[in-house]
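Note on naming: letters A, B, ... go to the chains in the order of the sequence lines (proteins, then strands), and numbering restarts at 1 for each one. Here the structure is a predicted model, which is why all the values come from computation and not from measurement.
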Amino acid sequence: MFELIKKEKKARLGVYKCSSGVVHTPVFMNVGTQAAIKGGLSAKDLELVGCQIELSNTYHLHLRPGDQIIKKLGGLHKFMGYNGPILTDSGGFQIFSLARLRKIKEEGVYFNSHIDGRAVFMGPEESMSIQSNLGSDIAMAFDECIKIPSDYSYVKKSCDRTARWLQRCVEEHNRLKETNPTNPEQVLFGINQGAIYHDLRIEHIKRITEFNLAGYAIGGLAVGEAAEDMYETIEAVEEYMPANKPRYLMGVGTPVNIIEAVYRGVDFFDCVMPARNGRHGSLFTWAGIMNIKNERYKDDERPISDECNCPVCKSYSRAYIRHLFAANEILGLRFAVMHNLFFYNSLMEGIRAAVKNEEFEGFRRKYIEILDRRI
RNA sequence: GGGAGGGUACCCAAGUGGCUAAAGGGGGCAGACUGUAAAUCUGCUGGUUGACGCCUACGGUGGUUCGAAUCCACUCCCUCCCA
């Protein structure tokens with residue numbers, strides 16, 4: 001259930017309530033694809049970094065360990081020791097990311113497992129069934145994440161199919177709710193597609209909002225298009241998204257992307273970036289992005305950021321973290337990811353406070369100049 | 001004292017007349033990363049230059065040759081075996 005608390009222009013402050021807890025929006029969902037945060041973080045660590053809601057993946061957990069096993073063990077929350085809200089992505093992104101390993105048909109997608117090559121079929125019903133077994137709080141519709149650039153004619157054809165898939169997702173989701181769900185409170189979010197063709201985006205969002213789902217996502221962005229194209233696409237779609245439902249911009253993004261999307265009316269985000277880039281040595285701060293592997297930090301006794309209250313910045317120096325990277329110690333990755341997730345969660349906290357105090361306009365102006373800068 | 005094998009760039013190591021400023025690793029230095037096939041991938045790593053080029057370089061010195069890391073002589077070091 002979503003409650004809109006306040007608006008500053010299009011930026012929204014809200015509260016999303018689900019069976020596993022309350023989420024204050026705008027929110028960044030911390031990504032734990034395989035029921036773990038890459039870089040060696042556990043559910044307990046998610047609390048330390050201020051995580052409100054976690055995201056896991058249908059395709060990956062279906063392949064390993066298998067959703068039947070997770071259901072048998074009491075669901076994903078219990079399995080990974082996390083009792084906060086969980087959103088599961090549907091497998092639709094893997095149609096994009098594992099493009100060389102799949103064939104799309106009307107009935108669904110024939111994957112060859114990236115692990116061992118075996119045939120794995122996933123359609124709307126399978127995705128819903130797996131997510132039902134996982135027992136996440138929010139299930140995502142099975143969609144095709146379309147690469148950009150793609151021909152108009154292909155995008156149109158794909159959007160029509162994703163809309164037909166949504167019909168099947170809704171029916172299966174309702175059916176499973178009645179039978180033997182791991183989490184009877186699970187809700188379904190729909191996903192808008194259309195690449196950067198505004199007319200297709202609008203046609204598609206109109207079509208999927210007819211299902212009156214618990215929330216709506218904008219998918220298929222940040223897949224190669226210019227940032228400006230992404231912002232314009234959000235603006236085009238946003239007008240047609242229900243005001244009383246959460247809006248989720250999937251897979252985005254940089255701190256500046258997030259600010260710009262909040263500015264255009266988005267509530268939910270998720271991105272691999274703080275975890276992946278952290279593992280690769282890029283650390284996000286209020287002053288910009290630093291590469292902790294750089295030589296200039298070899299004897300720097302300061303924390304990553306003086307303005308940061310994360311567990312890493314409270315105890316360790318840049319020199320120490322750089323050393324951990326150089327020495328190939330996994331502790332370095334863990335610290336980097338912890339810091340970055342803490343930063344992203346703090347960024348969202350800052351955004352919420354700004355909207356609450358009607359200072360978001362100034363917050364945006366200040367930070368879009370700073371946060372993507374390399375320092 | 002006798003015999004054998006070696007000395008190549010920061011390190012290890014390939015190369016036995018021109019296609020070699022020198023393979024491949026490691027190390028070092030940078031960059032990329034957006035619903036995670038990523039503790040990954042890419043580039044650079046003798047000097048100078050925007051580039052062409054020029055200079056310096058395969059233990060040292062001196063030769064042979066149009067041309068040498070590569071062939072010859074002497075020499076200095078290292079490892080192993082025998083006495």
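Near RNA chain B, meaning a heavy atom under 4.0 Å from it, residues 25-63 of chain A has A:Val31, A:Thr33, A:Lys38, A:Leu55, A:Asn57, A:His60 in order of number. Of the residues in residues 191-208 of chain A, A:Ile191, A:Gln193 come within less than 4.0 Å of RNA chain B through at least one heavy atom, sorted by number. Within residues 137-160 of chain A, the residues having any heavy atom closer than 4.0 Å to RNA chain B are, in order of number, A:Asp143, A:Cys145.
A straight line from CZ of A:Arg100 to P of B:U36 spans 16 Å, rounded to a whole angstrom. Summarising the geometry, the separation between NE2 on A:His114 and C1' on B:U36 is reported as 9 Å, rounded to the nearest angstrom. Straight-line distance from the CZ atom of A:Arg118 to the P atom of B:A37: 16 Å, rounded to whole Å. Remark: P of B:A39 and CG of A:Leu331 are 17 Å apart, rounded to the nearest angstrom.
Between A:Arg175 and A:Glu125, no side-chain nitrogen of the basic residue sits less than 4.0 Å from a carboxylate oxygen of the acidic one, so the salt-bridge criterion is not met. Salt-bridge check for A:Glu260 with A:Arg264: passed, with a basic side-chain N closer than 4.0 Å to an acidic carboxylate O. Here A:Glu358 pairs with A:Lys6 in a salt bridge; the nearest charged N to carboxylate O distance falls below 4.0 Å.
On the P atoms, B:A23 is 23 Å away from B:A30, given to the nearest whole Å. Between B:G24 and B:C33, the two C1' atoms lie 28 Å apart (nearest whole Å). Comparing the C1' positions of B:A9 and B:G46 gives a spacing of 7 Å, expressed to the nearest Å. Remark: the separation of the P atoms in B:U40 and B:G26 is 11 Å, to the nearest Å. The same atom, C1', is picked in B:U56 and in B:U8; the two are 16 Å apart, to the nearest Å. Taking atom C1' in both B:A69 and B:A57, the straight-line distance is 10 Å, to the nearest Å. Between B:G50 and B:G35, the distance separating the two C1' atoms is 44 Å to the nearest Å. Distance noted for atom P between B:G18 and B:C11: 26 Å (whole Å).
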Test side chain to side chain donor-acceptor pair (under 3.5 Å) applied to A:Tyr248 and A:Asp270, step by step: CA-CA 8 Å; A:Tyr248 165 25; A:Asp270 82 280; 2.7 Å; yes

side-chain contact (heavy atoms from CB on, under 4.5 Å) evaluation trace for A:His114 with A:Gln94: CA-CA 10 Å; A:His114 69 286; A:Gln94 278 61 46; over 6 Å; no

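For the 3.5 Å distance criterion, the side chains of A:Thr285 and A:Ser305 fail to qualify, holding no donor opposite an acceptor.
Taking the six-membered ring for Trp and thresholds of 30 and 60 degrees, A:Phe2 and A:Tyr16 have ring planes inclined between 30 and 60 degrees apart. Ring-plane geometry between A:Tyr367 and A:Phe363 is classed as tilted, the angle between the planes lying from 30 to 60 degrees on a 0 to 90 degree scale. Ring-plane geometry between A:Tyr344 and A:Phe284 is classed as perpendicular, the angle between the planes exceeding 60 degrees on a 0 to 90 degree scale with a lower cut at 30. Ring geometry for A:Phe93 versus A:Phe96: interplanar angle of 30 to 60°, hence tilted. Using the six-membered ring where Trp is involved, A:Tyr110 and A:Phe121 have ring planes that are tilted, between 30° and 60° apart.
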Using a 4.0 Å heavy-atom cut-off, write out nucleotides 24-34 of chain B from 5' to 3' as B (base contacted by protein), S (sugar-phosphate only) or - (no contact). -----SSSBBB

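Remark: B:A21 base-pairs with no nucleotide; criterion is Watson-Crick or G-U wobble with both hydrogen-bond distances under 3.5 Å. Taking a pair to require two hydrogen-bonding distances under 3.5 Å in either a Watson-Crick or a G-U wobble arrangement, B:G67 remains unpaired. Searching all strands for a Watson-Crick or G-U wobble partner of B:C29 with both distances below 3.5 Å returns B:G43. Remark: B:A4 base-pairs with B:U79; criterion is Watson-Crick or G-U wobble with both hydrogen-bond distances under 3.5 Å. Pairing of B:A38, defined by two Watson-Crick or G-U wobble distances under 3.5 Å, is not identified with any nucleotide.
With A:Tyr297 as the aromatic partner, A:Arg322 does not meet the cation-pi criteria of under 6.0 angstrom to the ring centre and within 45 degrees of the ring axis.
Heavy atoms of A:Ala217 sit nowhere under 4.0 angstrom from any nucleic acid atom. If you check every strand for non-hydrogen atoms under 4.0 Å, A:Leu249 touches nothing.
Exactly one of A:Glu144, A:Glu107, A:Glu106 qualifies for a salt bridge (charged side-chain N to carboxylate O under 4.0 Å, His left out) with A:Arg164. That residue is A:Glu106.
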Ignoring hydrogens and angles, write down the donor-acceptor pairs under 3.5 Å from the side chains of residues 34-46 of chain A, residues two or more places apart or on other chains.
from: A:Ser42; atom 1: OG; to: A:Lys44; atom 2: N; distance (Å): 3.3
from: A:Ser42; atom 1: OG; to: A:Asp45; atom 2: N; distance (Å): 3.4
from: A:Ser42; atom 1: OG; to: A:Asp45; atom 2: OD2; distance (Å): 3.2
from: A:Asp45; atom 1: OD1; to: A:Arg334; atom 2: NH1; distance (Å): 3.4
from: A:Asp45; atom 1: OD1; to: A:Arg334; atom 2: NH2; distance (Å): 3.2
from: A:Asp45; atom 1: OD2; to: A:Ser42; atom 2: N; distance (Å): 2.8
from: A:Asp45; atom 1: OD2; to: A:Arg334; atom 2: NH1; distance (Å): 2.7

Could you list the donor-acceptor pairs under 3.5 angstrom formed by side chains in residues 75-82 of chain A, with sequence neighbours left out?
from: A:His77; atom 1: NE2; to: A:Ser20; atom 2: OG; distance (Å): 3.2
from: A:His77; atom 1: NE2; to: A:Gly84; atom 2: O; distance (Å): 3.1
from: A:His77; atom 1: NE2; to: A:Asp137; atom 2: OD2; distance (Å): 2.8

